[in-house]
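Notes follow the structure.
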Amino acid sequence: MADNQQQEKKLYQQEVNELLKRRREELEHLKQSGVDPYGYEYDVTDYSASIKNEFEDDAPPKRYRVAGRVMSMRKMGKASFMHIQDQEGRIQLYLRKDALNETYDRIKLLDIGDIIGVEGEVFRTKMGEISIKAESVEVLAKSLRPLPVVKERTTEDGTVVRYDPFSDKELRYRQRYVDMIVNPDVREVFKKRAQLIKFIRDYLDDQGYLEVETPALQPVYGGAAARPFVTHHNALNLKLYLRIADELYLKRLIVGGFDGVYEIAKDFRNEGMDRNHNPEFTMLELYVAYKDYKWMMDFVERMTADLVHHIHSTFTISIGEHTVDFKPPWKRLTMFDAIQEYTGIDISELDEAALRKAAQELGLELEPSAGSGKIIDEIFSELVEPKLIQPTIIMDYPVSMSPLAKPHRSKPGLVERFEVIVNGQELCNAFSELNDPVEQRARFEEQMKLRERGDDEAHVLDEDYLRALEYGMPPAAGLGIGIDRLTMVITNQESIRDVLLFPQMRPEGK
RNA sequence: GAGGCUGUAGCUCAGCUGGUAGAGCAUCUGCCUUUUAAGCAGGUGGCCGAUGGUUCGAAUCCAUCCAGCCUCACCA
């Protein structure tokens, strides 16, 4: 009921708004003058930037057919200029009454935001701008809503100044389509994101790894410490969870005989949202049989460096205020050595009580329930991680933080796990996979105890996964890379929302 | 979850210690056949996020709510 009232109110306001009303009237005028304001097709043969690139002042003028959105208009009586925007950028149109005749009168009914198709010869204006002299103009889509008008001026040194940019973040995310029209840089980020994913896919395919798809709806969720989304399947009358990770399914495939598998897929975690977290996000996971985490370090270092070079043609890129060099080899430190280097304290021989004391002396506040693994993690992420700007491999983590990783072959209490830290943030997580089913069961049971004590992010015991391990899984190295965060690093964006086309928002309800 | 900031015309923003709203761009009407943040002249346009309260009087003060941003906490 209240919704209906709001709807009516909204419709009423819409009708009252003179800008919307006027455009609807123009739409009618167009129809009455015999023009279909929503065309069926247009044979686009040329694009703005290409036309400008191949223009030669002395050559005979060439004809082009372009289509795009009207972004600016300067009407001057019997002649007009406008810019249209296509996928490559903008190009100026020159429209004359004597060339277009009655079509020219219909230009009065065009607005910024309309999509048109234009054919004509290219020339350079007195002011020096390469432009198309329109010989025909077709309306392909009439725009009924006023677009934010962003005027641009190119200064003498070639920089583009933009006036009144469409900058309200909320509106930009909610109406990404408008954002993309008006802020062309946005499209560049998503092109780079696509290039990045394609590069990784090609890279892994070339190494002979198989891309697979595993269930997003899972009766038992696992592979990470997180709370899941819950849903229900009617036909099976079954509670299902949206996956929080692919890990346990991909390792079943290693058991099944694929020696290298990967998946690029959405994971879902029912947790808070901030500049680094969206409830759904894209994860790459890769598992390679007969390899260990040392091998994986070399692999991820090479792949990431090649990726950066592929996108930027250099290993050195700007991230925020920093310049980051991805050229291998990267610095490698054990977690204990990293803590010693950045805090001056050697924690390798400390027991839980001593660790707690050390952490408190470093100014950290700890939950009384925190065990030694948690304390170490706390020291690291508070005091070390933010200082690691250049790509750094941190290895050998406490076992309690990593229930799916294999025990370290020579350091008791640790596992063979590493993370890559860039710009103070985790970029990937990898380890030698635990393939001992007896120990895996014990680790799961530890997690279940945590769960009973109220840790609702502890791992859930997966009986079928244990059964798979009991058949025997070869030693394997596994890797997880958050594609969104990788994109943030590569495109120099500070919020995950800027690398997601449609980030999660609360409903508008206006 | 805690604190801070923000919400005024389609867009970007002004509105001091309360007296029922203003600019630029967009839009409308004229004039203008190489303009470019086109120009000149004149207009239209607002339930000041929502709901209550204080007051003779609220965009302005107070409370609650909604939405967004930032910081912290939680979290990979």
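Given the structure is predicted, the values throughout are model-derived calculations rather than measurements. Naming convention: chains lettered A, B, ... in sequence-line order (proteins, then strands); numbering from 1 in each chain.
The phosphate of B/rU36 (OP1 or OP2) has no side-chain N or O of A/Arg90 nearer than 4.0 angstrom. Considering only side-chain N and O atoms, A/Arg275 lies under 4.0 angstrom from the phosphate OP1 or OP2 of B/rU71. At least one side-chain nitrogen or oxygen of A/Lys374 sits closer than 4.0 Å to the OP1 or OP2 atom of B/rC75.
Taking atom CE of A/Met76 as the reference point, atom C1' of B/rU33 lies 7 Å away to the nearest angstrom. Note: CG (A/Asn276) to P (B/rC70) measures 11 Å, nearest angstrom. Between the P atom of B/rU34 and the CZ atom of A/Phe81 lies a distance of 7 Å, rounded to the nearest Å. Spacing between atom CD1 of A/Ile91 and atom P of B/rU34 amounts to 19 Å, rounded to whole angstrom units. For the pair A/Leu20 CG and B/rG45 C1', the interatomic distance rounds to 12 Å; values are reported in whole Å. Protein atom CD of A/Glu25 is 11 Å distant from nucleotide atom P of B/rU29, rounded to whole Å. The distance between atom CG of A/Asp274 and atom P of B/rA73, rounded to the nearest whole Å, is 11 Å. When the P atom of B/rC75 is taken as reference, atom CZ of A/Phe281 falls 16 Å away, rounded to whole Å.
B/rA59 sits 24 Å from B/rG24 when the P atoms are compared, rounded to a whole Å. Only the C1' atoms considered, B/rG45 is 15 Å distant from B/rU29, to the nearest whole Å. A distance of about 22 Å separates the P atoms of B/rC65 and B/rC70, rounded to the whole Å. A gap of 11 Å separates the C1' atoms of B/rA38 and B/rC32, to the nearest Å. Nucleotides B/rU6 and B/rU17 have their P atoms positioned 13 Å apart, rounded to a whole Å. The separation of B/rU36 from B/rC25, taken at their C1' atoms, amounts to 15 Å, rounded to a whole angstrom. The separation of B/rC47 from B/rA58, taken at their C1' atoms, amounts to 13 Å, rounded to a whole angstrom. The C1' atoms of B/rU8 and B/rU60 are separated by 11 Å, rounded to the nearest whole Å.
The side chain of A/Arg506 sits closest to B/rG68 out of B/rC32, B/rU71, B/rG68. Residue A/Lys151 places its side chain closer to B/rC25 than to any other of B/rC32, B/rC25, B/rA67. Distances from the side chain of A/His83 to the nucleotides B/rC32, B/rU27, B/rU36 place B/rU36 closest. Side-chain atoms of A/Arg153 lie closest to B/rA37 of the nucleotides B/rC32, B/rA37, B/rC69. Closest to the side chain of A/Glu170, out of B/rU35, B/rU33, B/rG68, is B/rG68.
Within a 6.0 Å radius of CG in A/Asp157, other residues, nucleotides and ligands contribute more than 12 heavy atoms.
Applying the side-chain contact (heavy atoms from CB on, under 4.5 Å) rule to A/Ser80 yields the partners A/Lys75, A/Leu95, A/Tyr104; only residues at least two apart in sequence or on another chain are considered. Applying the salt bridge (Lys or Arg N to Asp or Glu O under 4.0 Å) rule to A/Arg69 yields no partners; only residues at least two apart in sequence or on another chain are considered. Applying the ring-ring contact (aromatic ring centres under 6.0 Å, His included) criterion to A/Tyr221, with sequence neighbours excluded, gives A/Tyr241. Under the rule for a side-chain contact (heavy atoms from CB on, under 4.5 Å), the partners of A/Val149 that lie at least two apart in sequence or sit in another chain are A/Ile112, A/Lys151. Taking A/Glu271 as the reference, A/Ala226, A/Arg227, A/Arg269, A/Glu457 meet the side-chain contact (heavy atoms from CB on, under 4.5 Å) condition, with sequence neighbours excluded. A search for side-chain contact (heavy atoms from CB on, under 4.5 Å) contacts involving A/Glu121 returns A/Pro61, A/Arg63, A/Glu135, not counting sequence neighbours. In terms of the ring-ring contact (aromatic ring centres under 6.0 Å, His included) criterion, residue partners of A/Phe123 (sequence neighbours excluded) are, by chain and number, A/Tyr94. Considering only residues two or more places apart in sequence or on other chains, A/Asp267 meets the side-chain hydrogen bond (donor to acceptor under 3.5 Å, both in side chains) condition with none of them.
A/Tyr397 pairs in a side-chain contact (heavy atoms from CB on, under 4.5 Å) with only one of the listed residues (A/Ile376, A/Val415, A/Asn429), which is A/Val415.
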Revision key, fill the gap. For RNA chain B, the dot-bracket notation using Watson-Crick and G-U wobble pairs below 3.5 Å, [ ] for pseudoknot-type crossings and | for other-strand pairs, is (((((((..((((........)))).(((((.......))))).....(((((.......))))))))))))....
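Among the heavy atoms of the strands lying under 4.0 Å from A/Glu457 are primed sugar atoms or P, OP1, OP2 only; no base atom is included. Using a 4.0 Å heavy-atom criterion, one finds that A/Arg96 contacts the bases of the nucleic acid, with or without backbone contacts as well. Among the atoms of the strands shown, base atoms are found under 4.0 Å from some heavy atom of A/Arg74. Residue contacts shown for A/Glu26 are limited to sugar-phosphate atoms, with no base heavy atom under 4.0 Å away. Contacts of A/Glu129 with the nucleic acid, taken as non-hydrogen atoms under 4.0 Å apart, include base atoms. As judged by a 4.0 angstrom heavy-atom cut-off over every strand, A/Arg23 is placed among residues making no nucleic acid contact.
When only modelled atom types and interatomic distance are considered, A/Glu129 and A/His83 share a side-chain donor-acceptor pair under 3.5 Å.
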Practice item. Report the C-alpha distance between A/Arg243 and A/Glu263 in whole Å, list the side-chain angles of each, state the deciding distance to 0.1 Å, and finish with yes or no for salt bridge (charged side-chain N to carboxylate O under 4.0 Å, His left out). Key: CA-CA 13 Å; A/Arg243 73 171 148 224; A/Glu263 181 165 16; 3.5 Å; yes
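Heavy-atom distances to RNA chain B give each of A/Lys108 and A/Tyr94 a nearest nucleotide, and the one nearer the 5′ end belongs to A/Lys108. If A/Met127 and A/Gln504 are placed on RNA chain B by their nearest nucleotide, the residue sitting closer to the 5' end is A/Met127.
Between A/Phe229 and A/Phe268, the two ring planes are perpendicular [angle over 60°; tilted spans 30° to 60°].
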Polar atom pairs between nucleotides 41-44 of chain B and protein, under 3.5 Å, N or O only, would you list them?
| from | atom 1 | to | atom 2 | distance (Å) |
| --- | --- | --- | --- | --- |
| B/rU44 | O2 | A/Glu18 | OE1 | 3.4 |
| B/rU44 | O2 | A/Glu18 | OE2 | 2.6 |

Write out a two-atom table: protein N or O, nucleotide N or O from nucleotides 2-11 of chain B, distance below 3.5 Å.
| from | atom 1 | to | atom 2 | distance (Å) |
| --- | --- | --- | --- | --- |
| B/rG10 | OP1 | A/Asn17 | ND2 | 3.1 |

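Atoms CG and CD, from A/Asp46 and A/Glu119 in turn, are 9.5 Å apart once rounded to the nearest 0.5 Å. Atoms OH and CG, from A/Tyr173 and A/Asp179 in turn, are 8.5 Å apart once rounded to the nearest 0.5 Å. Rounded to the nearest 0.5 angstrom, A/Phe190 CZ and A/Glu188 CD are separated by 11.5 Å.
Non-hydrogen atoms lying under 4.0 Å from RNA chain B are contributed by A/Arg269, A/Glu271, all within residues 265-273 of chain A.
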